[in-house]
Amino acid sequence: MEKVRVRFAPSPTGFLHVGNARTALFNWLFARQKGGVFVLRIEDTDIERSAEKYEKRLIEDLRWLGLDWDEGPDVGGKLGPYKQSLRIETYKKYTQKLLETGKAYYCFCSPEELENERKEALESGEMPIYKGKCRSIPWDEALQRIEAGEQATVRLLTPDKGNISFHDIVRGTLTFDLKLIGDPILVRSSGLPAYNFAVVIDDSLMQITHVIRGEDHISNTPRQLLTYQALSLSPPRFAHLSMVMGKDNTRLSKRHGAIGVDQFEKDGILSSALFNYLALLGWAPPEGKDIWAKKELAELFNLEKVSRSSSIFDYDKLHWINRQHIKNLSSRQKAQLAYPHLREAAFLPEKMSDAHWRWLEMVVEGLIERVDRFSDLPTQVALLFDFYPSEMKDEIREELKTDCAPRIIKLFSEKISHVENFDYDKFAMMTQEIKKETGCKGKGLYHPLRVVLTARGSGLDLDKFIPMVEEGAKLKLPKPLKSCSQRVAEILGFLSESDL
RNA sequence: GCCCCUGUCGUCUAGCUUGGUCUAGGACAUCGCCCUUUCAAGGCGGCAACACGGGUUCAAAUCCCGUCGGGGGCGCCA
């Protein structure tokens with residue numbers, strides 16, 4: 001059997017959109033599953049919109065997602081160059097061949113003329129296609145006009161009657177009426193190839209066996225098939241993937257949330273999680289679980305099982321998957337991934353000592369289960385630092401109006417002021433003593449202690465909170481962390497007799 | 001407007017090829033309970049779908065037709 005060769009062919013006009021990322025991912029999955037070759041090709045024939053910086057960004061985004069390619073502009077390969085702007089001479093050669101054999105012709109119609117023709121067709125309820133006005137211009141005359149410097153495009157001569165059909169791997173047989181397909185422009189008047197022409201030449205020369213792309217290309221396929229025919233080239237197989245939509249079932253756009261792969265990275269989504277989520281959008285592995293590693297997905301992928309209907313991008317599910325992937329990380333990895341977010345929120349110094357890292361690991365390990373993205377971590381960490389007795393809510397003061405609370409607070413403040421190197425063990429001993437001395441227990445015992453230490457009514461388990469605060473208080477941090485004894489001393493001034 | 005694709009819980013999907021095993025399974029979300037000094041996390045459970053209408057058949061989510069809904073395309077963009 002021939003070796004599978006697939007490609008992802010983005011135009012460098014911006015960041016990598018998750019919809020495109022999924023197309024790239026499915027190509028990659030298919031290539032790896034089949035032991036084939038994955039090619040990256042840059043389609044930059046639209047010089048107006050394409051830019052070098054976008055190409056770089058695209059490559060970075062693709063790599064971040066965990067994709068690698070066997071041939072491409074940055075890695076080379078036998079069938080390059082892998083950038084359309086570098087292949088202009090090749091396209092010209094094929095254009096010449098088509099022109100000489102009469103399979104294509106020069107079209108001198110102006111954009112305005114074509115626009116009018118289109119409008120008229122639309123008004124009379126027809127499909128707006130090129131009527132073929134320049135087909136009848138004799139070859140000699142056309143050549144003369146070209147030599148005289150007249151602007152012209154090159155169009156493919158297509159049949160007016162009959163059908164053309166092809167087998168789509170995800171959709172089955174698709175048939176199109178040829179009278180609804182106008183002669184497509186192969187070469188623009190600028191001399192640069194149009195998309196439909198360049199893809200055919202490139203896919204053919206790069207020996208692509210399977211074209212896996214978005215559904216928006218379905219209607220281009222018959223035109224491309226006709227081009228293969230005119231060139232006597234054999235076409236690849238096609239698979240058209242459904243679109244990725246936003247919550248309201250319209251095309252996924254910025255107002256739905258993050259859509260650029262780099263944005264997900266900034267938001268603290270792990271690339272393994274985005275990879276996992278995207279792979280499951282429109283495809284399901286035989287075993288119905290949700291959390292998968294890249295490698296497993298590559299083993300199980302099956303293009304024929306890909307869904308035909310469009311799917312909505314669900315941020316909730318992505319976040320849940322992200323949480324599961326975070327759980328599988330080591331403490332060290334979690335700390336490293338958390339650092340940039342906490343550094344940006346000014347909770348951590350630029351230079352981290354070993355002690356800082358140890359503290360960070362403890363903090364992240366304790367707080368990470370409360371969030372599903374690293375970008376949410378600063379809000380949680382802020383709860384460690386924020387201690388505002390003066391802004392304590394009335395309902396919390398109310399809760400202290402019990403028989404136990406004043407006695408507990410008094411005893412605790414005395415004990416903590418006499419102890420050195422406070423830690424959770426000492427806290428546990430103190431609470432046992434207080435329990436005996438006051439007879440208070442359970443919520444009645446712990447709630448006042450929590451309030452005294454946090455000025456809040458709820459939060460982290462105290463066995464986690466105390467070590468985080470105590471260890472943090474020993475470190476030099478951009479914003480100092482108050483120790484438990486400091487907190488107790490401070491809050492006492494705000495608890496008036498009436499509170500107690 | 002015309003052409004093409006598509007339609008299972010709110011969402012992602014399993015099942016559809018080869019009708020019966022489907023009182024339609026799983027996951028996310030949501031709701032409730034449990035755990036717990038609080039909040040999370042976690043555990044357990046509930047709610048929730050075959051778009052609609054006709055056929056075919058002993059039997060249809062599964063096959064056929066129509067309707068309606070959604071999406072895409074109709075560029076000297078890709």
Side-chain angles (χ1 to χ4, degrees), chain A residues 9-11 13 43-46 48-50 84 107 109-111 114-115 118 121-130 151-155 168 170-172 174-177 179-182 184-196 198-199 213-222 240 242-243 245 247 249-251 277 280-291 304-305 307-321 323 327 367-372 380 383 399 431 441-451 454 456-462:
Chain A
S11 5
T13 54
E43 310 222 321
D44 57 350
T45 55
D46 183 354
E48 310 269 299
R49 295 194 297 154
S50 298
Q84 291 187 329
C107 173
C109 297
S110 69
L114 296 171
E115 187 51 40
R118 193 172 302 126
L122 240 26
E123 274 164 26
S124 62
E126 282 167 47
M127 195 150 146
I129 59 163
Y130 180 62
Q151 291 267 299
T153 59
V154 176
R155 284 186 189 267
D168 187 293
V170 333
R171 279 152 219 282
L174 266 27
T175 304
F176 298 83
D177 191 337
K179 65 172 180 278
L180 298 172
I181 297 171
I185 288 180
L186 261 23
V187 183
R188 300 181 265 198
S189 52
S190 64
L192 288 173
Y195 164 77
N196 275 309
V199 250
R213 72 216 318 187
E215 191 180 32
D216 46 344
H217 285 291
I218 289 182
S219 55
N220 281 324
T221 312
H240 289 99
S242 57
M243 307 267 92
M245 315 298 277
K247 195 95 193 153
N249 212 23
T250 60
R251 240 187 159 130
Y277 177 70
L280 264 39
L281 202 56
W283 173 67
E287 192 193 332
K289 63 171 190 171
D290 287 304
I291 305 304
E304 285 165 37
K305 290 290 216 170
S307 166
R308 292 175 302 272
S309 56
S310 61
S311 35
I312 291 173
F313 195 94
D314 183 352
Y315 291 89
D316 283 337
K317 183 128 189 186
L318 169 65
H319 293 161
W320 178 80
I321 288 179
R323 185 193 283 274
K327 276 186 193 165
L367 295 176
I368 198 74
E369 70 183 20
R370 309 176 81 82
V371 300
D372 45 33
Q380 294 296 321
L383 265 23
E399 283 164 8
T431 50
K441 59 181 181 179
K443 191 173 178 176
L445 171 64
Y446 285 96
H447 192 72
L449 294 173
R450 167 179 300 285
V451 172
T454 66
R456 255 189 235 97
S458 67
L460 211 50
D461 290 344
L462 290 175

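Lettering of chains follows the sequences in order, A, B, ..., and the numbering in each one begins at 1.
Atom CD of E287(A) is separated from atom P of rU13(B) by 18 Å (rounded to the nearest Å). As rounded to whole Å, 15 Å separates atom P of rA29(B) from atom CZ of F313(A). The CD1-P distance, from I312(A) to rA49(B), rounds to 18 Å in whole Å. In this structure, CZ of R323(A) is placed 11 Å from C1' of rG42(B), rounded to the nearest angstrom. One atom, CG of D316(A), and another, P of rC9(B), lie 18 Å apart when rounded to the nearest Å. If you measure from atom NZ of K247(A) to atom P of rC28(B), you get 15 Å, rounded to the nearest angstrom. For the pair R308(A) CZ and rU8(B) C1', the computed distance is 12 Å after rounding to whole Å. rC12(B) atom P lies 8 Å from atom CG of D314(A), rounded to whole Å.
Close to rC12(B), at under 4.0 Å from its OP1 or OP2, lies no side-chain N or O of S307(A). An OP1 or OP2 oxygen of rG42(B) is reached within less than 4.0 angstrom by a side-chain nitrogen or oxygen of K327(A).
In this structure rG1(B) sits in a base pair with rC74(B), meeting the Watson-Crick or G-U test at under 3.5 Å. When both pairing distances are held under 3.5 Å, rC68(B) makes a Watson-Crick or G-U pair with rG7(B). Remark: rU30(B) base-pairs with rG46(B); criterion is Watson-Crick or G-U wobble with both hydrogen-bond distances under 3.5 Å.
No salt bridge links R49(A) with D44(A); every basic N to acidic carboxylate O contact stays at or beyond 4.0 Å. Between R171(A) and E215(A) there is a salt bridge, since at least one side-chain N of the basic residue sits less than 4.0 Å from a carboxylate O of the acidic one.
For L462(A), the listed nucleotide lying nearest its side chain is rU37(B); candidates were rU13(B), rU38(B), rU37(B). Each of rU37(B), rG42(B), rC3(B) was ranked by its minimum atom distance to the side chain of L180(A); first place goes to rC3(B).
The residue G282(A) sits close only to the backbone: its heavy atoms come under 4.0 Å of sugar-phosphate atoms, none of a base. Among the protein residues, K305(A) comes within range of the sugar-phosphate backbone only, with heavy atoms under 4.0 Å from sugar or phosphate atoms but none that close to a base.
Not counting sequence neighbours, F176(A) has no partner by the ring-ring contact (aromatic ring centres under 6.0 Å, His included) test. With sequence neighbours left out, the side chain to side chain contact (heavy atoms under 4.5 Å, CB included) criterion links S124(A) to E126(A). Here F313(A) pairs with F264(A), Y277(A), Y315(A) under the ring-ring contact (aromatic ring centres under 6.0 Å, His included) rule; sequence neighbours left out.
R213(A) and T221(A) share a donor-acceptor pair across their side chains, judged by distance under 3.5 Å alone.
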Pairs under 3.5 angstrom, nitrogen or oxygen only, protein versus nucleotides 50-53 of chain B, please.
none

Using the 3.5 Å cut-off, write out each protein N or O paired with an N or O of nucleotides 25-27 of chain B and the distance between them.
residue: rA27(B); atom: O4'; partner: D290(A); partner atom: OD2; Å: 3.2
residue: rA27(B); atom: O2'; partner: D290(A); partner atom: OD2; Å: 2.4
residue: rA27(B); atom: O2'; partner: K317(A); partner atom: NZ; Å: 3.0
residue: rA27(B); atom: N3; partner: K317(A); partner atom: NZ; Å: 3.3

Report task. Scan nucleotides 68-77 of chain B nucleotide by nucleotide, 5' to 3', and note B when protein non-hydrogen atoms come under 4.0 Å of the base, S if they reach only the sugar-phosphate, - if neither. Result -> --SSSBBSBB
